[in-house]
Amino acid sequence: MGQLDDAVAVITGGESGIGLACARLFTREGARVHLVGIQEGKLEEAVDQLGSDRASASVADVTDEQAVHDAVEAGFERFGRLDVLLSNAGISGAVAPIVDYPGDVFARTLAVHVTGAFHVLKHGLPRLTDGGSVIITSSVVGLMGFAQASAYVAAKHGQVGLMRAAAKEVAARRIRVNTLHPGPTSTPFQDAIEMAATGLPQAQAAEVFDGMIPLGRHTTVEEIAQAALYLASDASAMVTASTFTIDGGLSG
Ligand code: NAP
């Protein structure tokens, strides 16, 4: 028996990195998944990997409300139910002090993370099974500051506020809403942030970040997926409005 037998999950940014690792683990645990992202080719590759009997996909930019609505409906129609929403799509924004930070990048970063998660909630909640689970991938910097990443830090904190409001709104339906807070996790996304933040090549930049983490290393995408599985499954039936940290002690 899998921990997500019969469950259906919609995962934004599910075709790469943390989202794809979650899709892999969720399908291994019996779920079917509908991936939502912006690059059709990457989505098709991910669906092929996961198996088209277990996975499907829609192209949608999460900042586009109608596109998110249509993507959720497509997933619901394909698999006939919706039990888990994983709002995970993200961008890093710029690496620059606030005084030099480009305003358009600031606005876009907030739009993808905060407005994007709002769209997923707004159009996913009406379809979500009572007792279902919503997970928003925030970040360790949703709980602490980090210099030269003001938009990303503000966006990741903003997701916590959205999660807390949503958790109170849907508790009567036994729907749980939580944020997941990964620390530095080995993906090309994080490699780019670390190289920009340190000005060093990837391996050396990663060492600098390892030095900040009490447990001394990056988290793997599989470890994040295990945390998401816990929040998605009935094992966390009494967990809502929580900030679930998996960061090797970085924010402690
Ligand atoms: P990733 O592999 O780049 O995944 C992000 C995904 O979101 C990509 O598939 C990307 O598509 C998609 N995406 C970006 N903008 C989008 C939009 N407007 N609409 C729909 N999809 C969009 O990076 P990741 O590391 O797995 O990150 C996943 C989440 O974890 C993000 O929210 C990130 O902030 C968070 N996080 C990551 C780390 C880390 O260390 N890796 C730590 C803390 C939090 P394209 O690739 O086609 O652009």
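In this text the structure is predicted, and so the values were computed from the model without any measurement. In listed order, ligands and their atoms are each counted from 1.
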Numbered atoms and elements of ligand 1 in range of [X], under 4.0 angstrom, heavy atoms:
{"X": "Ile18", "value": "26 (O), 30 (O), 37 (C)"}
{"X": "Thr137", "value": "29 (C), 30 (O), 32 (O), 35 (C)"}
{"X": "Arg108", "value": "18 (N)"}
{"X": "Lys42", "value": "45 (P), 46 (O), 47 (O)"}

Could you tell me the residue and atom name of the protein heavy atom closest to [atom], and the distance to it rounded to 0.1 Å?
{"atom": "atom 48 (O) of ligand 1", "answer": "Ile38 CD1, 3.8 Å"}
{"atom": "atom 15 (N) of ligand 1", "answer": "Ile91 CG2, 3.6 Å"}
{"atom": "atom 19 (N) of ligand 1", "answer": "Val62 N, 2.9 Å"}
{"atom": "atom 6 (C) of ligand 1", "answer": "Gly13 CA, 3.6 Å"}
{"atom": "atom 20 (C) of ligand 1", "answer": "Ala60 O, 3.4 Å"}
{"atom": "atom 10 (C) of ligand 1", "answer": "Glu15 OE2, 4.3 Å"}
{"atom": "atom 34 (O) of ligand 1", "answer": "Tyr152 OH, 2.6 Å"}

For Asp53, is the CG atom crowded, meaning more than 12 foreign heavy atoms sit under 6.0 Å from it?
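Counting neighbours around CG of Asp53, more than 12 heavy atoms of other residues, nucleotides or ligands fall under 6.0 Å, so yes.
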
Has Arg164 got more than 12 heavy atoms of other residues, nucleotides or ligands less than 6.0 Å from its CZ?
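Incorrect, the count does not exceed 12.
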
Can a non-hydrogen atom of [X] be found less than 4.0 Å from any atom of ligand 1?
{"X": "His119", "result": "no"}
{"X": "Lys156", "result": "yes"}
{"X": "Thr63", "result": "no"}
{"X": "Gly183", "result": "yes"}
{"X": "His113", "result": "yes"}

Candidate with minimal heavy-atom separation from [atom], of [options]:
{"atom": "atom 14 (C) of ligand 1", "options": "Gly14, Gly90, Ala71", "answer": "Gly90"}
{"atom": "atom 39 (C) of ligand 1", "options": "Ile193, Leu20, Thr185", "answer": "Thr185"}
{"atom": "atom 13 (N) of ligand 1", "options": "Ala89, Pro182, Ser186, Gly116", "answer": "Ala89"}

Let me confirm one number: the CG-CE distance from Leu200 to Met195, rounded to the nearest 0.5 Å.
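Going from the CG atom of Leu200 to the CE atom of Met195 covers 10.5 Å.
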
Can you tell me how far apart CG (Leu85) and CG (Leu125) are? Round to the nearest 0.5 Å.
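CG of Leu125 is found 6.5 Å from CG of Leu85.
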
Under 4.0 Å from ligand 1, counting heavy atoms only, is it the side chain of Ser16, its backbone, both or neither?
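Both backbone and side chain of Ser16 come within 4.0 Å of ligand 1.
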
With a heavy-atom distance limit of 4.0 Å, tell me whether Gln159 approaches ligand 1 through its side chain, its backbone, both, or neither.
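Neither part.
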
Under 4.5 Å between side-chain heavy atoms, counting indirect links through other Ile/Leu/Val/Met/Phe/Trp/Tyr residues: same cluster for [X] and [Y] or not?
{"X": "Val62", "Y": "Leu162", "answer": "yes"}
{"X": "Ile135", "Y": "Val141", "answer": "no"}
{"X": "Leu180", "Y": "Leu143", "answer": "no"}

Please evaluate residues Thr179 and Ile136 with respect to the criterion side-chain contact (heavy atoms from CB on, under 4.5 Å), reporting the C-alpha separation (whole Å), side-chain torsions for both, the decisive distance (0.1 Å), and the verdict.
CA-CA 5 Å; Thr179 41; Ile136 300 172; 4.0 Å; yes

For the aromatic rings, using the six-membered ring if either is Trp, is the centroid distance between His113 and Tyr152 under 6.0 Å?
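Centroid distance His113-Tyr152: below 6.0 Å, so yes.
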
State plainly whether the residues Arg173 and Asp130 are in salt-bridge range, i.e. N to O under 4.0 Å.
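Looking at Arg173 and Asp130, the cut-off is met.
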
Polar contacts were defined as any N/O atom of the residue lying under 3.5 Å from an N/O atom of the ligand; does this apply to Val36 and ligand 1?
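In this structure, Val36 places no N or O atom under 3.5 Å from an N or O of ligand 1.
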
Check whether any N or O atom of Ser139, backbone or side chain, sits under 3.5 Å from an N or O atom of ligand 1, and answer yes or no.
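In this structure, Ser139 places no N or O atom under 3.5 Å from an N or O of ligand 1.
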
So which atom in Ala227 and which in Phe244 form the shortest heavy-atom distance, rounded to 0.1 Å?
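Where Ala227 meets Phe244 most closely, the heavy atoms are CB-CE2, 3.6 Å.
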
